[in-house]
Amino acid sequence: MDRKIIRNGRIVTAIDDYVADILIERGRIVAIGQSLPAADDTEVIDAAGLLVLPGGVDCHTHLDNTFGDSTTCDSFESGTRSAAFGGTTTVVDFAFQRQDVPLPEAIARAQEKGRDGACVDYGFHVIVTRVDAQALADMRDAIRHEGISSFKMFMAYPGSVMVDDAAIFQAMRMVGQHGGMVCLHAENGNVIELLIQEALAQGHTAPKYHALTRPAILEGEATHRGIKLAELAQAPVYFVHLSAQEALKHVVEARDLGVPVFAETCPHYLFFDDSVYDSEDFDLARYVMSPPLRSKQAQDALWTALRTDDLQLVSTDHCPFCMKEGHLGRVRQKPYGRDDFSKIPNGVPGVETRLATIHDGGVRTGRISLQRMVELTSTAPAKLFGLYPRKGAIAIGSDADLVLFDPGENHVISAQTQHGNCDFTLFEGREVTGKVRQVYLRGNRIVDGEAWLGGPGQGLYVPRGESGGW
Ligand code: DUC
Ligand code: ZN
Ligand code: ZN
């Protein structure tokens, strides 16, 4: 039998911090204790001096996702390999219902990609762009039969994926009754579109105008509207990639009143601010994501909110597009918008850098505790999106998804040494303290230092329970 003991590691979960051994059998944790006996066939891994963390759960990735004319440069294989090296053992990606792709077919297509390529375990949200009676029935069936309990809807990108308030309300009302949750991209798309057209008409084509045409107040307005729709629908709501104080204040206010409102932020909002948008240089296309980077003051507010549980998750919104056209054969990447900022594909990579950057910028600096880091990057996403306690925990019966993390090891982040397809990282050249040493997926060692021991097809689809009930 496949049996392993991880010996003498410092086990850190969302609530614990102690030194012990973990016995793994058939991919699950079966015992935790001191000086656990090892049978002859047991592989013993010495974890002394290392943190043993539950594998990261990243509930916001875009692998092989197409937006408009552009497709993200990471496949399921490259993106999940990159995730593994960053200490993430479960991702929740997206299936895409479009005008011509009904929801069940969208799920089937996504499942196929995952089956062929995934190197870590995975689930899906469904992006919903059309709401009618059939779509509502399909959403209910997805929750009941497919293990998909969350649905992303866009309040931005009119003419493409944006849906109106009535559609959002209808979806919330339906999925809320069946243990599901709507995840909102909250920006006022119609006003943004007007600002974009005005900017272009004035000849403003550089990437910095992406940020200037998506002001924080429009994220605040949409967030407030989304909360009111959820209250009326009596359903939970989740805000993806929250970046602005104007949005945060509405989330805080609603949560204080006991309304089931949840929100994530992303590492790029925690480490970069809008002072980068200081020139007309096209190189700033690397900072084109939606929402855009906000003020330094907003960044401080996000860190505080992570500590006080006003924000519940750090997800990556890993949505990589290359800076160089043609890199690894990928086309219509960032340079697609060289003459028109509105055509620059929106998104940045981040799936590999989440744990190390949050450890370095959050724990080492004293902004959050180690346990809170684990909660934000593993336990809370697992609980909120129906994966707990199979994922997000170090507990008897949980999947043995484990990360051995050296909290004292320094390394310099570089795209060159990362394991995905993207040709840049916003963190290029940044020295951080804390490094993933080994990663176990259901008891299988898939990362060992710089060695890749995993492979495509090793990741399993994980049907999820209810979302938003936590
Ligand atoms: N929103 C996302 O969540 N990801 C990529 C693009 C976007 O606008
Ligand atoms: Zn979005
Ligand atoms: Zn996204």
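Just follow the structure's listing: the first ligand is 1, and inside any ligand the first atom is 1. Count residues from 1 along the sequence.
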- Atoms of ligand 1 less than 4.0 Å from S290 heavy atoms? 8 (O)

- Message: Parallel, tilted or perpendicular, judged at 30° and 60°: which one describes the rings of F67 and F154?
- Response: perpendicular

- Heavy atom of the protein closest to atom 8 (O) of ligand 1 (residue, atom name, distance): Y157 OH, 2.5 Å

- Item | Protein heavy-atom partner closest to atom 2 (C) of ligand 1 - residue, atom, separation in Å | K152 NZ, 3.2 Å

- Query: Are D317 and H62 side-chain neighbours, meaning at least one heavy-atom pair lies under 4.5 Å?
  - Reply: yes

- Those residues at least two apart in sequence (or on a different chain) that pass side chain to side chain donor-acceptor pair (under 3.5 Å) with D165 are R225

- Task: May I ask you to identify, for V240, whether its side chain, its backbone, both or neither come under 4.0 Å of ligand 1 on a heavy-atom basis?
- Result: neither

- Are any of the N/O atoms in N346 less than 3.5 Å from those in ligand 1? no

- Run the side-chain hydrogen bond (donor to acceptor under 3.5 Å, both in side chains) check on S275 and D273 step by step: do they pass? CA-CA 6 Å; S275 61; D273 63 69; 2.5 Å; yes

- Task: Would you indicate whether the side-chain heavy atoms of N421 and P320 approach each other to under 4.5 Å?
- Result: no

- Say whether C319 and ligand 1 are in contact under the criterion: heavy-atom distance to a ligand atom below 4.0 Å. yes

- Using heavy atoms and a threshold below 4.0 Å, how should the contact between H62 and ligand 1 be classified: side chain, backbone, both, or neither? side chain

- Task: Run through the protein N/O/S atoms less than 2.8 Å from the Zn ion (ligand 3) and write them out by chain and number.
- Result: H60 NE2, H62 NE2, D317 OD1

- Keeping the roles fixed (side chain from S75, backbone from E77), state whether a donor-acceptor pair exists under 3.5 Å. yes

- Element-labelled atoms of ligand 1 that are located less than 4.0 Å from some non-hydrogen atom of H241: 1 (N), 2 (C), 3 (O)

- Around atom CD of E112, are there more than 12 heavy atoms of other residues, nucleotides or ligands at under 6.0 Å? no

- Task: Could you list the atoms of ligand 1 found under 4.0 angstrom from a heavy atom of H185?
- Result: 1 (N), 7 (C), 8 (O)

I'd like a table of donor-acceptor pairs (distance under 3.5 Å, sequence neighbours excluded) in which one partner is a side-chain atom from residues 142-149, with atom names and distances.
from: S149; atom 1: OG; to: R464; atom 2: NH1; distance (Å): 3.4
from: S149; atom 1: OG; to: G465; atom 2: O; distance (Å): 2.7
from: S149; atom 1: OG; to: S467; atom 2: OG; distance (Å): 2.7

- Task: Check the angle between the aromatic planes of H60 and H241 and answer parallel, tilted or perpendicular using the 30° and 60° thresholds.
- Result: tilted

- Item | Non-neighbouring partners of N188 that pass side chain to side chain donor-acceptor pair (under 3.5 Å), sequence neighbours left out | E221

